[in-house]
Amino acid sequence: IVWNFNGKRIYVYSEDCLMNTDREKKYSVTKSGRHFILHIKDVTLEDGGTYTCSTDTDEKLANLLVYGAPSVMFDPPNPIENETAVYQCVAKFEGQRKDEIPKDHLPYLRMFYTHDPNQELPAVEKSDSKRNIFIKEYKTAINATMHGLELGCKLGNINFNMNVTTFAALDILYAPRKITFEPIFKTYIVGMEITCTADGNPAPYIQWRDITGKERQGEALTITEDMI
């Protein structure tokens, strides 16, 4: 009994001897009666391909299709408010061409925001038939309220147990806003602390300037006599 992967010999069984020709010990074979079972350790995309089991008189083959975990891509990576951004959900595979994959083995990709996982984003299929890759693409206008939202990218198949989801947070750049100044009094006394805060990404730089022109940095400012 000889096992091959993409034409390369990986295991040989002769009489009572099992010989592993793979130095990294990625493969192993167990024998149960007349059955020889090939085990593949730490499966990666590169393990996708054609496996053959042959004897002196016969040969059987099987195509192993391996899917990689989906990934999320943003273009641009850090969109600015009021821009149009493109989100992509990408899944790679190895072992067969897309047109060779049985329909019931073809996966689906779903894109959604995690705060509303049942609402699928209206993404468009962008898969490249010449590459071993599935792509879903979603274009949207960007606003500051989207900053920090988490996008989910799910790879699944309804006919067999495959359900892998990857998450990525949106990093939206937007100008400072929601500036607050506390406490607001007509009169301030020495020793009192006042604060100024603002929302923005990246975090706004806050600078104070007193009547003498002296500048200080930071959200909090303690009033001193030299400011009077």
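Just so it is clear, the model here is predicted, and its values are computed rather than measured. All residue numbers in this chain count up from 1 along the given sequence.
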Whether [X] side chain and [Y] backbone form a donor-acceptor pair below 3.5 Å:
X      : Y      : answer
Tyr188 : Ile194 : no
Gln119 : Asp116 : no
Asp210 : Glu215 : no
Ser32  : His35  : no
Arg110 : Pro117 : yes
Lys136 : Leu109 : yes

Quick one: [atom1] on [X] to [atom2] on [Y], what's the gap to the nearest 0.5 Å?
X      : Y      : atom1 : atom2 : answer
Glu219 : Ile206 : CD    : CD1   : 4.5 Å
Glu83  : Thr140 : CD    : OG1   : 12.5 Å
Phe74  : Leu151 : CZ    : CG    : 5.5 Å

Can you see which heavy atom on [X] is nearest to which on [Y], and at what distance?
X      : Y      : value
Ile179 : Cys196 : CG2-SG, 4.1 Å
Val72  : Cys153 : CG2-CB, 3.5 Å
Ile101 : His105 : CG2-CB, 3.8 Å
Ile172 : Asn143 : CG2-O, 3.9 Å
Asn159 : Asp104 : ND2-O, 3.4 Å
Ser54  : Asn4   : OG-ND2, 4.3 Å

Check whether any side-chain heavy atom of [X] sits under 4.5 Å from a side-chain heavy atom of [Y], and report yes or no.
X      : Y      : value
Val2   : Cys53  : no
Tyr108 : Ile158 : yes
Val164 : Pro70  : yes
His147 : Leu170 : no
Tyr51  : Asp47  : yes
Thr55  : Ile1   : yes
Lys154 : Asn163 : yes
Lys98  : Phe93  : yes

Can you hop from [X] to [Y] via hydrophobic side chains spaced under 4.5 Å?
X      : Y      : value
Phe167 : Leu149 : no
Ile223 : Phe185 : yes
Tyr138 : Val90  : no
Met146 : Leu121 : yes
Met192 : Leu221 : yes

[X] atom [atom1], neighbour heavy-atom count above 12 within 6.0 Å:
X      : atom1 : answer
Asn161 : CG    : no
Glu125 : CD    : yes
Ile37  : CD1   : yes
Met73  : CE    : no

ask   = Does the side chain of Ser71 come under 3.5 Å of the side chain of Thr166 through a donor N or O and an acceptor N or O?
value = no
key: N-O pairing of Asp226 and Arg216 below 4.0 Å   = yes
inquiry  = Show, in sequence, the C-alpha distance, side-chain angles and deciding distance for Glu137 and Tyr87, and conclude whether the side-chain contact (heavy atoms from CB on, under 4.5 Å) test is met.
reply    = CA-CA 6 Å; Glu137 184 175 280; Tyr87 307 154; over 6 Å; no
Candidate pair Leu173 and Ile142, rule side-chain contact (heavy atoms from CB on, under 4.5 Å), full reasoning = CA-CA 9 Å; Leu173 304 180; Ile142 297 298; over 6 Å; no
message = Can you tell me how the ring of Tyr67 sits relative to the ring of Phe134, calling it parallel under 30°, perpendicular over 60° and tilted otherwise?
response = tilted
inquiry  = Looking only at the aromatic ring of each residue, does the gap between the centers of Tyr27 and Tyr11 stay below 6.0 angstrom?
reply    = no
remark   = From the list Glu94, Lys92, Gln96, side chain to side chain contact (heavy atoms under 4.5 Å, CB included) with Asn132 holds only for Glu94
request  = Start with the C-alpha gap between Lys26 and Ile40, add the side-chain angles, then the distance that decides, and say whether side-chain contact (heavy atoms from CB on, under 4.5 Å) holds.
outcome  = CA-CA 6 Å; Lys26 184 174 182 64; Ile40 306 172; 3.9 Å; yes
task = Determine which pairs satisfy side-chain hydrogen bond (donor to acceptor under 3.5 Å, both in side chains) with at least one residue from residues 169-179, sequence neighbours left out, and list them in order.
result = Asn78-Asp171, Glu81-Arg177, Asp171-Asn201, Tyr174-Asp199
request  = Please test Ile10 against Leu38 for side-chain contact (heavy atoms from CB on, under 4.5 Å), starting from the C-alpha separation and ending with a verdict.
outcome  = CA-CA 10 Å; Ile10 55 176; Leu38 178 69; 4.1 Å; yes
message = Enumerate the ring-ring contact (aromatic ring centres under 6.0 Å, His included) contacts for residues 190-220, please, sequence neighbours excluded, ordered by first and then second residue.
response = Phe181-Trp208
